[in-house]
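These notes are about the structure you will find just below.
These numbers come from a predicted model, not from an experiment. Residue indices begin at 1 and follow the sequence shown.
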Amino acid sequence: MKNSMLFAALLMLFACSPKTETQQQENEWISLFNGRDLNDWIVKIHHHDVGENFGNTFRVEDGMIKVRYDQYGDFNDQFAHLYYKQPFSHFHLVVEYRFTGELQRGAPDYTILNSGVMFHSQDPRSMPKEQNWPISVEMQFLAGLGDGKPRPTGNMCSPGTEIVYQGEKYNGHCLNSTSKTYDKDEWVRAELIVLGDSLITHMINGDTVLQYSRPSMGGGVVQGYDSTLWQEGKPLTSGFIALQSEGQPIDFRKVELLNLKGN
């Protein structure tokens, strides 16, 4: 991964090189989460209309975005996503997260200590009430199960999408990264460097752990979507960014973005 790390370093150097006044404005880090409220975000939860934050799933406490289920009862496949208000195409995203608490009653076993950040996602306002997942690409977050077995984080999953990995179309739904295993209650720094549909880089705690390219619409997993939006093979060059809720409590304390468009 040394070449990948060199690429990321060169990219950041280029992003920080002297620019015109307009380019400097485009290349300033911005905090997508202001630490106070969710006014710049849009909630979409399976079985609910867009904008309905059922059970106060996403809440701001102690300067963090917290995902909680204390008002739920049975989970009932109420997979949820919290979307930033505008789409991006070329960007460097930083998210700091930690898993906490216990898996909500009724949530699928595979969602234990499992969450993520979606990108190149469809607009949440285009999702019907009964659509379970957004058509998007996911940087998946996992924590160790305490069994001594490796469980990398910063993986790729592809709801309604496909990618190219090492020059070939990847046929699986999720692709593991090379990251170490991190435990519950441990803060992890995840970074995404996304250059439209040309190159996507996942980084965990400063290490490049996965690279791939050419995300497009395709594959399966997503159910209940508006069929008029479906275009098999359509390149995904931009879209919305969303934090995920799958039944496991999780905290997000930082969500920052450097817009790389125009570099």
Side-chain angles (χ1 to χ4, degrees), residues 30-88 91 93-108 111 113-141 157 159-161 190 192 221-226 229 236 238-257:
I30 58 174
S31 294
L32 303 188
F33 170 50
N34 62 21
R36 301 183 305 274
D37 55 51
L38 299 177
N39 290 345
D40 292 330
W41 297 78
I42 303 168
V43 177
K44 177 62 181 77
I45 302 177
H46 186 211
H47 303 320
H48 301 275
D49 292 323
V50 65
E52 181 184 350
N53 189 13
F54 171 80
N56 197 25
T57 302
F58 299 100
R59 62 191 70 170
V60 176
E61 296 175 351
D62 305 320
M64 295 180 285
I65 297 175
K66 296 187 176 183
V67 177
R68 297 293 187 270
Y69 309 99
D70 50 294
Q71 300 176 32
Y72 263 54
D74 192 81
F75 184 65
N76 191 29
D77 287 344
Q78 291 174 109
F79 304 113
H81 297 84
L82 180 68
Y83 298 79
Y84 189 66
K85 63 184 179 182
Q86 73 180 73
F88 296 96
F91 58 89
L93 178 72
V94 174
V95 175
E96 292 183 358
Y97 73 88
R98 69 176 176 189
F99 289 103
T100 188
E102 303 299 327
L103 186 68
Q104 180 63 18
R105 184 180 76 245
T111 64
L113 299 174
N114 185 342
S115 185
V117 57
M118 325 302 280
F119 63 98
H120 282 358
S121 172
Q122 68 182 106
D123 189 321
R125 290 158 291 204
S126 70
M127 295 174 63
K129 185 175 181 178
E130 294 302 326
Q131 182 172 342
N132 56 352
W133 307 99
I135 297 169
S136 58
V137 186
E138 176 187 357
M139 183 181 189
Q140 182 194 51
F141 303 150
C157 294
T161 55
L192 267 173
V221 179
V222 176
Q223 298 176 349
Y225 59 87
D226 180 352
L229 299 178
L236 296 179
S238 66
F240 288 78
I241 292 168
L243 306 177
Q244 189 179 69
S245 159
E246 289 192 304
Q248 175 71 49
I250 186 172
D251 298 331
F252 299 96
R253 69 179 178 187
K254 178 180 290 188
V255 187
E256 296 181 346
L257 182 139

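Note: Tyr97 and Phe141 have parallel aromatic rings, judged against thresholds of 30 and 60 degrees for the angle between ring planes. Between Tyr72 and Tyr69, the two ring planes are perpendicular [angle over 60°; tilted spans 30° to 60°].
Here the side chains of Leu113 and Glu246 are not in contact, with every heavy-atom distance at 4.5 Å or above. At least one side-chain heavy atom of Gln140 sits less than 4.5 Å from a side-chain heavy atom of Asn114. Side chains of Met118 and Pro159 form a contact here, defined as non-hydrogen atoms less than 4.5 Å apart. Contact annotation: the side chain of Gln244 never approaches that of Phe79 to less than 4.5 Å [non-hydrogen atoms, C-beta and beyond]. In this structure, Gln131 and Val222 have side chains that are in contact, with non-hydrogen atoms separated by less than 4.5 Å.
Checked against the 6.0 Å centroid criterion, the rings of Trp41 and Tyr83 do not qualify as a close aromatic pair. Aromatic ring centroids of Phe88 and Phe119 lie 6.0 Å or more apart.
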TODO: Test side-chain contact (heavy atoms from CB on, under 4.5 Å) on Val94 and Val255 and set out the steps.
DONE: CA-CA 6 Å; Val94 174; Val255 187; over 6 Å; no

Task: side-chain contact (heavy atoms from CB on, under 4.5 Å) between Leu103 and Phe75, intermediate numbers included - done: CA-CA 10 Å; Leu103 186 68; Phe75 184 65; over 6 Å; no

- [ ] Show your working on side-chain contact (heavy atoms from CB on, under 4.5 Å) between Thr57 and Val43 and close with a plain yes or no.
- [x] CA-CA 9 Å; Thr57 302; Val43 177; over 6 Å; no

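Residue Ile42 comes nearest to Lys85 through the heavy atom pair CD1-CA, 4.4 Å, listed as atom of the first residue, atom of the second, then distance. For the pair Asp251 and Lys66, the tightest heavy-atom approach, listed with the atom from each and the gap, is OD1-CG, 3.3 Å. The two residues His81 and Ala242 come nearest to each other via the heavy atoms CB-CB, 4.0 Å. When all heavy atoms are compared, the tightest approach of Pro108 to Thr111 is O-OG1, 2.6 Å. Taking both residues in full, the closest heavy atoms of Val50 and Pro124 are given as CG2-O, 3.9 Å, listed atom of the first, atom of the second, then distance.
Of the possible donor and acceptor atoms, none in the side chain of Thr100 sits under 3.5 Å from a partner among the backbone N and O of Pro249. At distances below 3.5 Å, not a single donor-acceptor pair connects side-chain atoms of Ser121 with backbone N or O atoms of Ile241. At distances below 3.5 Å, at least one donor-acceptor pair connects side-chain atoms of Asn34 with backbone N or O atoms of Asp37. For the pair His46 (side chain) and Asp77 (backbone), a donor-acceptor distance under 3.5 Å is present. Formation of a donor-acceptor pair under 3.5 Å by the Asp62 side chain with backbone atoms of Met64 is not found in this model.
Side-chain atoms of Ser126 and Tyr225 include no donor-acceptor pair closer than 3.5 Å.
Glu256 CD to Ile30 CD1: the interatomic distance, rounded to the nearest 0.5 Å, is 9.5 Å. Rounding to the nearest 0.5 angstrom, the gap separating the CD1 atom in Ile65 from the CG atom in Leu32 is 9.0 Å. How far CG of Asn53 is from OG of Ser245: 9.5 Å, rounded to the nearest 0.5 Å. A distance of 7.5 Å separates OG in Ser115 from CG in Leu243, rounded to the nearest 0.5 Å. Taken to the nearest 0.5 Å, the CZ atom of Phe240 stands 8.5 Å off from the CD atom of Gln86. We find the CG-NZ distance between Leu93 and Lys254 to be 11.5 Å, quoted to the nearest 0.5 Å.
Applying the 6.0 Å contact sphere to CD of Glu130 captures more than 12 heavy atoms from other residues, nucleotides or ligands.
Using a cutoff of 4.0 Å between basic side-chain nitrogens and carboxylate oxygens, Arg125 and Asp123 are scored as salt-bridged.
Just one of His48, His47, Gln104 meets the side-chain hydrogen bond (donor to acceptor under 3.5 Å, both in side chains) condition when paired with Gln78; it is His48.
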